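Every chain is numbered from 1, with letters handed out A, B, ... down the list of sequences. Bear in mind that the values here come from a model prediction, so they are computed numbers and not experimental data.
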2 protein chains.
Amino acid sequence: MRPGHHAPDGYDQSSFPRFAVTVDIVILTMFQATLQVLLVRRRADPYKGAWALPGGFKRPDETLDEAAIRELREETGVKAPKHLTQFAAYGDPGRDPRTNVVTVAYLAVTPDVGQILAGTDADEARLWSVAEAVAELELAFDHDQILADAIEQAARQLEQSDLATAFVGPTFTISELKSVYEELWEEEIDAPNFRRQLFVEAPSPASYVAPTGERRPSSPKGGRPAELYRAGPAWKTEPPLRRPRKRRPEK
Amino acid sequence: MRPGHHAPDGYDQSSFPRFAVTVDIVILTMFQATLQVLLVRRRADPYKGAWALPGGFKRPDETLDEAAIRELREETGVKAPKHLTQFAAYGDPGRDPRTNVVTVAYLAVTPDVGQILAGTDADEARLWSVAEAVAELELAFDHDQILADAIEQAARQLEQSDLATAFVGPTFTISELKSVYEELWEEEIDAPNFRRQLFVEAPSPASYVAPTGERRPSSPKGGRPAELYRAGPAWKTEPPLRRPRKRRPEK
DNA sequence: CAAATAGTGTCTCTGAGACAGTATTGG
DNA sequence: CCAATACTGTCTCAGAGACACTATTTG
């Protein structure tokens with residue numbers, strides 16, 4: 001509470017409607033070059049048995065960000081990644097059949113969710129491929145919409161922040177990074193050009209990626225082992241790739 | 001309420017904390033090539049006498065968008081423009097000294113706010129230049145932060161939507177449009193290049209701007225009269241300008 | 001050896017930016 | 001005439017994209 005202001009005596013708390021406020025968290029990760037989302041199966045009504053985004057009620061003594069971190073941990077056992085950004089609020093009447101609920105949706109991205117442990121409100125918690133989840137599941141509440149909005153948000157953030165590196169862990173190969181862009185932008189990227197943009201374009205002494213000197217052993221299918229890189233200082237200030245514009249129709 | 005789900009009998013409404021939910025609206029407009037924001041002076045505590053963003057309590061039977069439209073009209077008499085986008089939620093404990101309030105912030109942009117009428121909760125309502133408001137006013141609650149976030153949001157939206165045309169009315173001169181970009185991006189734009197991008201780059205038969213054949217009389221200071229244009233169909237799908245990247249330091 | 005994946009070198013061409021110059025108004 | 005604003009034409013150069021080629025691994 002700010003100094004110099006306090007609730008006047010006799011302030012009528014019932015003069016405006018009150019709502020439950022929840023947070024819902026969309027955790028995205030890359031696994032086998034495929035975009036994955038963390039979902040929980042609801043143990044209780046409403047939507048008992050349906051898959052849903054992890055989330056729950058905000059408490060009065062915590063910020064929205066804190067509520068998101070806490071609920072994610074309680075429901076799935078997952079430690080919230082650094083990049084945790086609020087991206088939308090949903091408050092349509094009837095979006096929760098129980099009562100009036102306004103939810104604030106968060107997006108976070110991680111290279112590795114770690115151990116997943118279903119909490120007390122969930123029968124099960126696991127990663128789903130986003131393609132499968134969208135095609136085959138009917139998510140609880142308006143979570144289909146929230147998930148779609150989250151993915152659009154992530155695609156935009158790739159171009160304007162260092163979100164890409166949040167998908168890939170402290171060291172990564174160029175191919176891994178490329179697959180992040182390809183999955184989220186639904187565009188094929190030319191590997192040689194992708195490399196060049198990372199290496200050549202960085203503002204002066206800073207660089208987008210720095211070699212570690214180490215290499216990742218090649219897969220059982222063969223192929224040259226890829227070199228490992230870490231994110232350089234330039235990434236924070238100026239993300240390297242611009243999203244391709246839609247191609248013009250032929251003249 | 002969705003079909004197939006209903007509140008179970010005896011559902012305990014008090015099992016989770018409840019909040020007031022408000023909406024706050026940032027209305028931006030261009031006047032004399034300067035970015036302006038619509039503010040109200042608070043009639044009641046808390047922050048009585050301080051300038052604040054228009055806004056107020058959401059009702060249970062309306063969506064967040066509807067609440068924003070209604071509150072804007074009630075507090076300022078301004079009819080909500082088409083582009084009305086939610087951009088953030090604020091819920092820190094104590095951000096409102098009265099009670100627990102979560103607010104959802106909206107951004108809208110308009111060429112002309114029309115008649116401004118202070119509502120019952122406001123002593124006064126008027127446009128402020130953003131530069132002045134940021135430098136000289138102490139806005140109520142966390143509205144300083146909300147305003148700053150709104151401007152950043154608008155600058156980004158210019159690059160990814162047709163927001164620019166929302167600033168300038170149905171017909172406009174190229175100079176007017178240019179000043180929108182210059183104010184929000186805080187970048188000088190070369191007028192000849194700006195024109196070319198609007199005319200040459202549109203995807204096939206669509207165009208970014210269409211000439212109306214009319215001209216705007218020149219100002220008392222002289223100068224050639226500017227031709228008037230209207231927004232073309234291409235703008236919706238692919239905004240014409242990309243925000244300039246920060247310049248590299250010299251080698 | 002072939003298949004698979006990683007990485008290099010080069011060419012082309014679009015389009016962003018700089019800027020010189022022309023057009024049309026008011027005073 | 002000059003000042004002010006609108007508009008046109010032209011040059012340059014960075015950088016996005018296409019793609020041929022080389023390198024290093026598994027089997």
Look at the rings of A:Trp235 and A:Tyr208 and say which category their plane angle falls in: under 30° parallel, 30 to 60° tilted, over 60° perpendicular.
perpendicular
So A:Trp128 and A:Trp51, would you call those rings parallel, tilted or perpendicular, with 30° and 60° as cut-offs?
perpendicular
A:Ala226 has its side chain closest, among D:dA18, D:dT8, C:dA6, to C:dA6
In terms of heavy-atom contacts, does [atom1] of [X] have more than 12 from other residues, nucleotides or ligands at under 6.0 Å?
| X | atom1 | answer |
| --- | --- | --- |
| A:Glu136 | CD | yes |
| A:Arg216 | CZ | yes |
| B:Arg230 | CZ | no |

Are side-chain N/O atoms of A:Gln153 and A:Asp149 paired as donor and acceptor at under 3.5 Å?
no
What's the [atom1]-[atom2] distance between [X] and [N], to the nearest Å?
| X | N | atom1 | atom2 | answer |
| --- | --- | --- | --- | --- |
| A:Asp190 | C:dT12 | CG | P | 17 Å |
| B:Arg243 | C:dG15 | CZ | P | 22 Å |
| B:Arg216 | D:dA4 | CZ | C1' | 17 Å |
| A:Glu227 | D:dA23 | CD | C1' | 11 Å |
| B:Phe199 | C:dT14 | CZ | C1' | 20 Å |
| A:Arg195 | D:dA18 | CZ | P | 18 Å |
| A:Tyr229 | C:dG7 | OH | P | 5 Å |
| A:Phe194 | C:dT5 | CZ | P | 17 Å |

Start with the C-alpha distance between A:Tyr90 and A:Phe141, add both sets of side-chain angles, then the distance that settles ring-ring contact (aromatic ring centres under 6.0 Å, His included), and finish with yes or no.
CA-CA 11 Å; A:Tyr90 300 81; A:Phe141 307 107; over 10 Å; no
Ignoring backbone atoms, establish whether [X] has a side-chain N or O less than 4.0 Å from OP1 or OP2 of [N].
| X | N | result |
| --- | --- | --- |
| B:Arg215 | C:dT25 | yes |
| A:Gln197 | D:dG15 | no |
| B:Arg196 | D:dC7 | no |

Please identify which of these residues, A:Asp24, A:Asp65, A:Thr85, meets the side chain to side chain donor-acceptor pair (under 3.5 Å) condition with A:Tyr106.
A:Asp65
Measure from the side-chain N and O atoms of [X] to the backbone N and O of [Y], and report whether any donor-acceptor pair falls under 3.5 Å.
| X | Y | result |
| --- | --- | --- |
| A:Glu132 | A:Ser129 | no |
| B:Glu159 | B:Arg243 | yes |
| A:Ser218 | A:Gly223 | yes |

Pick the closest DNA chain C nucleotide for B:Pro220 and for B:Arg242 by heavy atoms, then say which residue is nearer the 5' end.
B:Arg242
Which atom pairs link the protein and nucleotides 2-4 of chain C when you take only N or O atoms and keep those under 3.5 Å?
unit_1	atom_1	unit_2	atom_2	d
C:dA4	N3	A:Gly223	N	3.3

For DNA chain D, what dot-bracket results from Watson-Crick or G-U pairs at under 3.5 Å, with [ ] for crossers and | for inter-strand partners?
|||||||||||||||||||||||||||
Near-strand residues of residues 174-183 of chain A, defined as heavy-atom separation under 4.0 angstrom from DNA chain D:
none
Test side chain to side chain contact (heavy atoms under 4.5 Å, CB included) applied to A:Glu183 and A:Met30, A:Lys178, A:Gln36, the passing residue
A:Met30
